[in-house]
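Chain identifiers are assigned alphabetically (A, B, ...) following the order of the sequence lines, protein sequences preceding nucleic acid strands; residue numbering begins at 1 within each chain. This is a predicted model, so every value here is computed, not measured.
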2 protein chains.
Amino acid sequence: MASLADISARAGVSIATASRVLNGSSHPVSAAMRQRVLDAAAEVDYAPSFVARALVKGRTPIVGVIVGDIVDPYFAEIARGVEDVVGRKGYLTMLSSAHRSTELEIGHLRALRAYQATGVIFASSGFLHDTRREELQRSLDETREAGAKVVALAHRELDCPTVTFDNRAAAYDVTDYVISLGHRRIAFVDGPEGLYTSLERRDGFEAAMRAADLDPTLRFEGGFEYEAGYETARRIAAGRLPEAIVAVNDDVGIGLLMGLRDAGVDVPGTVSVAGIDDTRPARYVGLTTVSAPLHELGITAAGLVLADDEDGAPTGDIVLPHRLTPRSTTARRRARAAGQRRRAARARARR
Amino acid sequence: MASLADISARAGVSIATASRVLNGSSHPVSAAMRQRVLDAAAEVDYAPSFVARALVKGRTPIVGVIVGDIVDPYFAEIARGVEDVVGRKGYLTMLSSAHRSTELEIGHLRALRAYQATGVIFASSGFLHDTRREELQRSLDETREAGAKVVALAHRELDCPTVTFDNRAAAYDVTDYVISLGHRRIAFVDGPEGLYTSLERRDGFEAAMRAADLDPTLRFEGGFEYEAGYETARRIAAGRLPEAIVAVNDDVGIGLLMGLRDAGVDVPGTVSVAGIDDTRPARYVGLTTVSAPLHELGITAAGLVLADDEDGAPTGDIVLPHRLTPRSTTARRRARAAGQRRRAARARARR
DNA sequence: TTGTAGGCGTTATCAT
DNA sequence: ATGATAACGCCTACAA
């Protein structure tokens, strides 16, 4: 590991001069000296120590991204958005999974602070009753005092800028779409208990139902994962079937889809199913959903984190647009019984 | 940002003493002093600077993971495996996407070295003819000289320990399974040109075909992504249909599945489809595949990177086992025509 | 234009 | 048991 000292010795110049040419300083250096330094640096394949540099500048070109679970395509898409922009600017991405634990988040925040990270992005939603929220806020404040920018990508009740999309409206929109297909008896499969995102989406569902004078109380416990949807499907299939089901997210929607079909229920023939987010798997199975600007969330957050303060960068909160994406797991309502066979035939033909 | 100097002043002790109690040194410190230091540290919520520490210790508790694309569930699963174990030990994960560019990999390696990372894990496969391979190897050597452990999770022609699974055998096994179903005219959809992983899998396919006295030459260009599979499906559907198709990975397999069905081809009634990897989406759509030990790859690699050298840790290369996972996109071969309707009926019933 | 030297926060060596 | 103090590698006034 060559250091500036090595270079300066090799080139026969002072460390200061070596430093100046090797870090794009604006301080003038004669062409001759410059060349000698450059040559010496090339010879030993010099690479500056980020840690030494960080120690003096009080800042590391690191952006931390705290997600729930990187295997969840929701977070993966966000992480990629972040990396796309910070990587291009020479920053590195520190990725941490917090598994929805505020305690772990605080720990990661602490570590990021210890590294003098340039910024940190919270990708997960928060809980309505979070006993550790204040503690998190304190940790966040300290982080900011240490010079890092912090931004959240979901509702958190935290004093920090956010970039989000409207979960409530997204849920409202899919629900409204399903209603427009003629369905009346529509169920909602909930997300994890107490999470803002779950609540907002449920809220959107209920609002759309009420706006159409329909009963918004048909709800099932769920989660954010495929398995939750699959299990719920079996429970649903065992009772009186709804005409359509809106799931809190795509994974649950897909779980419902598969569970229902495995239980012998035709989707969308007998029951329509829709999700929210439009992660890749949703495309794969043709799930009707609403496209959330996941990648853009990451890009935008990264932009905020790296923006020069004088940049006139948009401050406060940013809300990105979503878009309804109808696919083939939802269908127009038909009269029961009679339509049943016809639907089956059409479904077959469509393949 | 409180520093040791602050603490020492507050507690009325030397910086050395403060340091000793605050970093679990074995150096003896009297109970009284210890308490004073602890109190002072608590008052100001002291957190040691990782960068200062790194400067003197020449090492950062960071492990870098260089993947192709974090949105690809293949890599996401590996990244999670890594994070699960390094996180538990107090290390942080630096994630970088290299998009199959050796040049980007070299850049990331350089950065990781500048950070004095403890280890770096290469998750992507290499190319058969990589003009930059030597350059990468040099960079890798330097990284290792700097004290970092390096491990690769795929064939790379690099002088460094690897932990992998047997791509060739995996492809052989699915192919063999498909053959056992009675299929004869079986196609293979290739991965990206020149990638070791692509080649090994194709090799396994061909070997299995030849072992069964079947023609191994029915191949289609593909890639590693859903879209490639989908497009290929349309081309395949336009010609004489094979009885079965083995895809280089799950995403392509799913693309084939959807493309075929959209083109009116019944899967598995008319054509069977299988993939490799068993990423989550494969489970979602019921794709027949072989389960690759992705998560374990990450876990094992992380273990190697964090292992004490004296640990008697397994050196050299490690090959983890895979497992055939039949699902519902493959079916036994029937006599054509006559069986057609019957198959359709059964397919419906099975749901 | 070049060089000297102080300091960033820790750890570790060497006295005391 | 405690405390100075010299690194670690780099940047940056300040001096020359």
Side-chain angles (χ1 to χ4, degrees), chain A residues 1-38 40-41 44-61 110-111 113-118 142 145-147, chain B residues 1-38 40-41 44-62 110-111 113-117 142 145-147:
Chain A
M1 290 279 72
S3 68
L4 277 186
D6 301 331
I7 307 287
S8 85
R10 258 189 140 76
V13 306
S14 73
I15 291 188
T17 301
S19 172
R20 295 200 259 254
V21 0
L22 258 14
N23 70 6
S25 155
S26 62
H27 194 103
V29 173
S30 71
M33 295 249 121
R34 173 177 304 276
Q35 195 51 52
R36 274 164 47 202
V37 170
L38 256 20
V44 299
D45 190 26
Y46 172 78
S49 160
F50 282 21
V51 332
R53 186 173 283 176
L55 189 58
V56 26
K57 314 218 34 154
R59 172 160 309 301
T60 330
R110 199 180 179 79
R113 198 163 55 217
Y115 276 116
Q116 316 257 48
T118 295
E142 284 178 40
E145 276 166 31
Chain B
M1 290 279 75
S3 69
L4 278 185
D6 301 331
I7 306 287
S8 86
R10 258 191 141 75
V13 305
S14 73
I15 290 188
T17 299
S19 173
R20 294 200 259 257
V21 0
L22 258 15
N23 70 5
S25 155
S26 61
H27 195 102
V29 173
S30 72
M33 298 244 116
R34 174 176 304 278
Q35 196 49 55
R36 285 188 6 228
V37 171
L38 256 19
V44 299
D45 191 24
Y46 171 77
S49 160
F50 282 20
V51 331
R53 184 174 286 176
L55 189 58
V56 28
K57 310 208 61 146
R59 166 162 311 304
T60 337
I62 289 179
R110 199 180 178 76
R113 198 164 53 219
Y115 276 117
Q116 315 256 48
E142 284 178 41
E145 276 165 33

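- Nucleotide dC10(D) holds its P atom 8 Å from the CZ atom of Arg53(A), rounded to whole Å.
- Taking atom CD1 of Ile7(A) as the reference point, atom P of dC10(D) lies 9 Å away to the nearest angstrom.
- On the nucleic acid side, DNA chain C has its first and last nucleotide under 4.0 Å of a heavy atom of chain B at dG9(C) to dT13(C), going 5' to 3'.
- Summarising the geometry, atom CD belonging to Glu145(A) is positioned 8.0 Å from atom CE belonging to Met1(B); distances are rounded to the nearest 0.5 Å.
- For the pair Ser14(B) and dA4(D), the criterion of a side-chain N or O lying under 4.0 Å from OP1 or OP2 is not met.
- For residues 44-57 of chain A, every residue pair satisfying the salt bridge (charged side-chain N to carboxylate O under 4.0 Å, His left out) rule, not counting sequence neighbours, is listed here: Asp45(A)-Arg110(B).
- With rounding to the nearest 0.5 Å, the separation of CG in Leu4(A) from CG in Asn23(A) is 8.0 Å.
- Minimum interatomic distance between Val44(A) and Ala2(A) (heavy atoms only, all atoms of both residues): CG2-CB, 3.5 Å.
- To the nearest angstrom, C1' of dG9(D) lies 12 Å from CG of Asn23(A).
- Rounding to whole angstrom units, NZ of residue Lys57(B) and C1' of dG9(D) are separated by 18 Å.
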Atom pairs and distances, side-chain donor-acceptor, residues 29-38 of chain B, under 3.5 Å, sequence neighbours left out:
from	atom 1	to	atom 2	distance (Å)
Ser30(B)	OG	Met33(B)	N	3.4
Gln35(B)	NE2	Asp39(B)	OD1	2.9
Arg36(B)	NE	Ala11(B)	O	3.2
Arg36(B)	NH2	Ala11(B)	O	3.1
Arg36(B)	NH2	Gly12(B)	O	3.3

Below 3.5 Å between N/O atoms, which protein atoms pair up with nucleotides 5-7 of chain D? Just atom names and distances, please.
none

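- With sequence neighbours excluded, no residue forms a side chain to side chain donor-acceptor pair (under 3.5 Å) with Arg20(A).
- For the pair Arg20(B) and Ala52(B), both in contact range of DNA chain C, the more 5′-proximal nearest nucleotide belongs to Ala52(B).
- Near DNA chain D, meaning a heavy atom under 4.0 Å from it, residues 24-37 of chain B has His27(B), Pro28(B), Val29(B), Ser30(B), Met33(B) in order of number.
- Rounded to whole Å, atom C1' of dG9(D) lies 13 Å from atom CG of Leu22(A).
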Check against side chain to side chain contact (heavy atoms under 4.5 Å, CB included), Ile7(A) and Leu22(A) = CA-CA 10 Å; Ile7(A) 307 287; Leu22(A) 258 14; 4.2 Å; yes
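- For the residue pair Ser49(A) and Ala52(A), the shortest heavy atom distance occurs at OG-N, 3.0 Å.
- Across all strands, Tyr46(B) comes closer than 4.0 Å only to sugar-phosphate atoms, never to a base (heavy-atom distances).
- The minimum heavy-atom distance between Arg59(B) and Ala146(B), with the atom names listed, is NH2-O, 3.9 Å.
- When heavy atoms are screened at a 4.0 angstrom cut-off, Ser49(B) is found touching the sugar-phosphate backbone but no base atom.
- Here the P atom of nucleotide dT12(D) and the CG atom of Leu55(A) are 13 Å apart, to the nearest Å.
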Test side chain to side chain contact (heavy atoms under 4.5 Å, CB included) applied to Tyr115(B) and Thr60(A), step by step = CA-CA 10 Å; Tyr115(B) 276 117; Thr60(A) 330; 3.1 Å; yes
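- Side-chain atoms of Phe50(B) and Ile62(B), non-hydrogen and from C-beta on, never get closer than 4.5 Å to each other.
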